Protein chains: 2
Amino acid sequence: MVDAFHDAETVMAHLRALRQELLTTSMEPASDQARSGLTAPQIGLIRSLVVEGSATVTELARRLSLSHSTTSGIVDRLQARGLVSREVDASDRRYTRVRVTEPVQNYTREISQGPYARLTCALAEASPVERKAVLDGLETLRALLAR
Amino acid sequence: MVDAFHDAETVMAHLRALRQELLTTSMEPASDQARSGLTAPQIGLIRSLVVEGSATVTELARRLSLSHSTTSGIVDRLQARGLVSREVDASDRRYTRVRVTEPVQNYTREISQGPYARLTCALAEASPVERKAVLDGLETLRALLAR
DNA sequence: CCTAGATCCGTCGCATACGACGCGTCGTGC
DNA sequence: GCACGACGCGTCGTATGCGACGGATCTAGG
């Protein structure tokens, strides 16, 4: 039991540090993201629209594992910049389809290597054993919490 | 290298989901935290003060792996509730020592099993192999990013 | 003594992130 | 037809989280 407590602290410290490195500090200097002034969540949302197609706000929230209100706020700011658009569905007026505007559609293909360049590079240089350890660890942790 | 890209998406999805489950939704129904109305970061800060002793704002930020401004904000809200106090150091007036107020000092000992009860329980029920997988995975991921 | 640098702190603006609430819209049952 | 629940959406209030800035304070060098 004492070990579990200590391990919990260790896990939380790891997760906090990872979050900082990947979600907020994920933008490398002189990268596309830094130049465009977009944040990681914003790029993730645009990428989802380009790769998986346009969707409603609730669908986007599900894709990004975010709440509906958070997603709505991100769409707000992207819409204010003219990067995405909202259109009310004609057949069912409850739905609002979110689309990427045309100029972005093309540009995004170039940077579509993803907002997680830092993480992607790190994983590319990792050995198969290391990669497996990372994925197994995260899957195991989530499985433990789901019990 | 396409694999690295796919793995990066998987890792990010895991981290997002874990963050939601542990950092924000970590408060179980009818737990001490839910009753007190405190958030996980707030409890973590108080716990650090009780377990590791009073400290300055910068020291607290280092302990919690947070930025100084974020930590200052958390202290602000705890101070507004009368749970912690700020005292200017007499010898060096630049420093502000943050302390837990007396009523909290005693109460906190009871709930000092940690704000991560959910995670602690999950780890306690995990097999040694599972625990090792979790810790190895997180350590490997951080080592990869530090390269 | 006193200027320069270093250090700590608080604050600001912004972007996430959540739950709760209310509004409009669609289907269903009466 | 029509009330009523279900659903999607936007908004509000609040908390976290960051970088950047400026103010106050100590310390070292002249």
Side-chain angles (χ1 to χ4, degrees), chain A residues 12 15-27 29 33-34 36-46 55-62 64-81 83-84 86-98 115, chain B residues 12 15-27 29 33-34 36-46 55-62 64-81 83-84 86-98 115:
Chain A
M12 290 307 298
L15 287 179
R16 264 195 296 257
L18 286 170
R19 171 186 161 72
Q20 273 180 269
E21 289 204 62
L22 295 178
L23 286 184
T24 65
T25 323
S26 74
M27 29 196 70
Q33 306 125 49
S36 63
L38 295 176
T39 65
Q42 290 173 355
I43 294 179
L45 192 146
I46 290 179
T56 67
V57 175
T58 299
E59 167 64 15
L60 276 172
R62 196 191 59 75
L64 302 175
S65 296
L66 293 175
S67 80
H68 135 79
S69 59
T70 299
T71 309
S72 183
I74 296 175
V75 172
D76 281 348
R77 286 176 284 274
L78 289 176
Q79 188 178 18
R81 294 194 189 203
L83 302 182
V84 303
R86 279 180 161 106
E87 302 170 32
V88 177
D89 189 334
S91 64
D92 190 336
R93 298 174 57 84
R94 287 176 299 183
Y95 288 71
T96 305
R97 292 207 73 77
V98 181
Chain B
M12 289 309 298
L15 287 179
R16 263 194 297 257
L18 286 171
R19 170 185 163 73
Q20 271 180 267
E21 289 204 62
L22 296 178
L23 287 185
T24 66
T25 322
S26 73
M27 28 196 72
Q33 306 123 50
S36 63
L38 295 176
T39 65
Q42 290 172 355
I43 294 179
L45 192 146
I46 290 180
T56 66
V57 175
T58 299
E59 167 64 14
L60 277 172
R62 196 190 59 76
L64 302 175
S65 297
L66 293 176
S67 80
H68 142 77
S69 59
T70 298
T71 309
S72 184
I74 296 174
V75 172
D76 281 350
R77 288 178 282 273
L78 288 177
Q79 189 179 16
R81 294 193 187 203
L83 302 181
V84 303
R86 279 183 162 103
E87 303 170 30
V88 177
D89 190 334
S91 63
D92 189 336
R93 299 173 56 85
R94 287 175 301 182
Y95 288 70
T96 304
R97 291 207 74 77
V98 182

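Since this is a predicted model, take the numbers as computed values, not measurements. Chain letters run A, B, ... following the sequence lines, proteins first and then strands; every chain starts at 1.
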Could you pull out all residues at least two apart from A:Ala55 that satisfy side-chain contact (heavy atoms from CB on, under 4.5 Å)?
A:Glu59, A:Leu60, A:Arg63
CG of A:Leu66 versus C1' of C:dA17: gap in Å, rounded?
8 Å
Rounded to whole Å, how long is the line connecting atom CG of B:Leu64 with atom C1' of D:dC18?
15 Å
If you check the A:Ile74 side chain, which of C:dC8, D:dG19, C:dT16 turns out closest?
C:dT16
Could you check which of C:dT16, D:dT16, D:dT11 has an atom nearest any side-chain atom of B:Thr70?
D:dT16
Does C:dC9 have B:His68 stacked on its base, where the ring centres are within less than 5.5 Å and the planes differ by under 30°?
yes
Mind listing the residues from residues 55-62 of chain A sitting with a heavy atom below 4.0 Å of DNA chain C? Number order is fine.
none
Phosphate-side-chain proximity, A:Arg86 and D:dC9, N/O vs OP1/OP2 below 4.0 Å
no
Contact check, side chains of A:Leu38 and A:Leu83, non-hydrogen atoms, under 4.5 Å:
yes
By salt bridge (charged side-chain N to carboxylate O under 4.0 Å, His left out) - contacts of B:Arg86 (at least two apart):
B:Asp76
Among D:dA15, D:dT11, D:dC18, find the nucleotide with the atom closest to the side chain of B:Thr39.
D:dA15
Calculate the interatomic distance between B:Arg77 atom CZ and C:dT11 atom P; express it in whole Å.
12 Å
Applying side chain to side chain donor-acceptor pair (under 3.5 Å) to A:Thr71 and not counting sequence neighbours gives none
State which residues pass side chain to side chain donor-acceptor pair (under 3.5 Å) with B:Arg97; sequence neighbours excluded, sorted by chain then number.
B:Ser54
Per atom distances to the B:Tyr95 side chain, the nearest of C:dG19, D:dG10, C:dT7 is C:dT7
Of all residues at least two apart in sequence or in a different chain, which pass the side chain to side chain donor-acceptor pair (under 3.5 Å) check with B:Thr56?
none
Short heteroatom pairs, N/O only, protein and nucleotides 23-26 of chain D, under 3.5 Å:
from: D:dC26; atom 1: OP1; to: B:Arg93; atom 2: N; distance (Å): 2.8

Could you state the CG-P distance from A:Leu38 to C:dC14, rounded to the nearest angstrom?
16 Å
Approximate separation, where rounding is to 0.5 Å, of A:Thr70 OG1 and A:Leu45 CG:
11.5 Å
Identify, with sequence neighbours excluded, every residue that meets side chain to side chain donor-acceptor pair (under 3.5 Å) alongside A:Thr58.
none
A:Val98 versus A:Leu78: any side-chain heavy-atom pair under 4.5 Å?
no
Looking at residues at least two apart in the chain, or sitting in another chain, which of them share a salt bridge (charged side-chain N to carboxylate O under 4.0 Å, His left out) with A:Arg94?
A:Asp92
Would you say a side-chain N or O of A:Ser72 is under 4.0 Å from OP1 or OP2 of D:dG10?
yes
Spacing of A:Leu45 atom CG relative to C:dA17 atom P, expressed in whole Å
11 Å
Rounded distance (Å) that lies between atom C1' of C:dC8 and atom CD of B:Glu87:
17 Å
Does B:Ser69 place a side-chain N or O at less than 4.0 Å from the phosphate oxygens OP1/OP2 of D:dG17?
no
Dot-bracket notation for DNA chain D is requested: 5' to 3', Watson-Crick or G-U wobble pairs only, both distances under 3.5 Å, with ( ), [ ], | and . as defined.
||||||||||||||||||||||||||||||
